[in-house]
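Proteins come first, then strands; the chains are lettered A, B, ... in the order of their sequence lines, and each starts at number 1. Keep in mind it's a predicted model, so treat the numbers as computed, not measured.
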Amino acid sequence: MPELPEVETTRRGIKPWIHHKEIIEIVVREKRLRWPIPSDIREKLINREIISVQRRAKYLLIETDIGSALIHLGMSGSLRVIKHNEPAGKHDHYDLILNNGMALRYRDPRRFGSLLWAKNPLNHKLLKQLGPEPLEEKFTGSYLHSKAKNRKITIKQFIMNAHIVVGVGNIYACEALYMSSIRPDKKCKYITLKQCDDLVKSIKFVLKKSIKSGGTTLKDFKNLDGAPGYFKQKLMIYDCKICKCGVKVKNIKLGGRSSFYCNVCQK
DNA sequence: AAATATACCTGACTGC
DNA sequence: TGCAGTCAGGTATATT
C-alpha cells in the first residue's frame with residue numbers, strides 16, 4: 001500500500017498523538033519482519049519520550065533522546081493510533097504503548113516492513129546511501145540528466161532507484177512519466193534535459209498532489225475508527241484501461257513491475 | 001560500478 | 001466450493 005505520500009500522510013496522522021509522549025511498554029507479537037525486530041528494542045525505547053516524528057525516504061523516524069526507531073511499511077504495512085487495550089488482529093505485529101492510554105500499532109500482512117533502531121538514523125546503513133528527497137530543491141532536471149548520462153536502463157527503473165531519488169514507487173513513476181509524455185521503457189541515454197526538467201516537475205507535482213489528498217484522511221486517525229482509509233488516488237494511467245486520448249493503455253513489465261503507458265501520448 | 005536476478009511474505013483475485 | 005496459478009503500491013542483497 002504505501003508509497004511516499006502514504007508514508008508522509010501516516011507521519012502527519014500519528015504525530016499529534018505520539019509527539020512528546022513517553023513509550024511505557026512495547027508488545028511484540030511477531031518479530032519476523034523483513035529483518036527480525038532487535039531483541040533489545042524494548043530497552044532502547046522504553047521510558048523514552050518521543051521528541052520528533054520524521055521521515056526520510058519511506059522510513060519513519062521516531063526519535064528519542066538516545067536514538068530513533070526506524071519504521072518501514074514495506075508493501076502492506078500500516079500504523080494506527082489506538083486505545084492501548086484494543087484487541088490485536090492477526091497481523092498486528094507490535095504496539096508501542098504510550099503514557100496517554102494510547103498505542104501506536106503496526107499491522108503488516110506480508111511482513112516486508114521493518115522496525116529497527118539506530119543511534120544516528122541518517123547514518124544508518126539503510127539510509128546513508130540514499131539519493132535526494134524528491135520534494136527537495138536540489139532534486140532538479142539537471143541533476144537527473146547528469147545522473148542519467150551513460151546509463152543503459154529504462155527511465156522508469158532509473159527514477160525508481162533510491163540511490164538516484166527516493167520515494168518514487170511504481171504507481172507514481174507511471175503517473176509522472178505519463179504526465180511528462182515519456183515512455184517508461186525509454187532508455188536513459190535518450191532522455192533530454194528538457195524531458196528531465198518536465199519529469200522532475202511531474203514527480204514533484206504528483207507527489208505533492210497526492211500528499212494533499214492523503215491529508216484529507218487525517219481525520220481517520222483522529223477518529224481512531226479502524227482502517228487508515230487512505231485516499232484512493234485518482235490515477236491517470238496506472239491500472240487504467242483507456243487513455244484519455246481514447247487509445248487502449250499498454251501494460252508491460254519493466255524490472256518485473258507493471259508499467260502502464262499510452263503508446264500515443266508518450267514518446 | 002551497473003545491471004539483473006532473487007528473496008522475503010500473505011491475501012485477493014482469476015479461471016478451471 | 002475448491003484449488004492452482006498469478007499478481008500486488010518495496011527494496012536489500014547476491015550474482016553476473
Any donor-acceptor pair, under 3.5 Å, between the side chain of R111(A) and the base of dT10(B), if you only look at N and O atoms? no

Which nucleotide in the list dC9(B), dG10(C), dT4(B) gets nearest to the side chain of M160(A)? dG10(C)

So, OP1 or OP2 of dA12(C): does either fall under 4.0 Å of a side-chain N or O from K125(A)? no

Just checking I171(A): base, sugar-phosphate only, or nothing, at a heavy-atom cut-off of under 4.0 Å? base

Can you check whether H72(A) has a side-chain N or O nearer than 4.0 Å to OP1 or OP2 of dG10(C)? no

With stacking defined as ring centroids separated by under 5.5 Å and planes differing by under 30°, is F112(A) stacked against dT11(C)? no

Would you say S258(A) reaches dA8(C)'s phosphate, i.e. side-chain N/O to OP1/OP2 under 4.0 Å? yes

Polar side chain donor-acceptor pair, K248(A) to N263(A), under 3.5 angstrom: no

Are the side chain of Q157(A) and the backbone of I153(A) linked by a donor-acceptor contact shorter than 3.5 Å? no

Report yes or no: does K204(A) contribute a side-chain atom to a donor-acceptor pair with the main-chain N or O of P134(A) at less than 3.5 Å? yes

Any side-chain N or O of Y59(A) under 4.0 Å from OP1/OP2 of dA12(C)? yes

Under 4.0 Å between any heavy atoms, over every strand shown, what does L33(A) touch: base, sugar-phosphate, or nothing? Just pick one. nothing

Under 3.5 Å, is there a donor-acceptor pair between the side chain of R11(A) and the main chain of V53(A)? yes

With rounding to whole Å, what would you report as the distance between dA14(C) and dC9(B) at their P atoms? 16 Å

Any H91(A) side-chain N or O less than 4.0 Å from OP1/OP2 of dG11(B): yes

Phosphate-side-chain proximity, K58(A) and dG10(C), N/O vs OP1/OP2 below 4.0 Å: yes

Y238(A) side-chain N/O to dG9(C) phosphate OP1/OP2 under 4.0 Å: yes

What nucleotide among dA8(C), dC8(B), dA3(B) has an atom nearest to a side-chain atom of R34(A)? dC8(B)

Return no unless some side-chain N or O of R257(A) is found under 4.0 Å from OP1 or OP2 of dC7(C). no

Select from R151(A) and P109(A) the residue whose nearest nucleotide in DNA chain B is closer to the 5' end of that strand. R151(A)

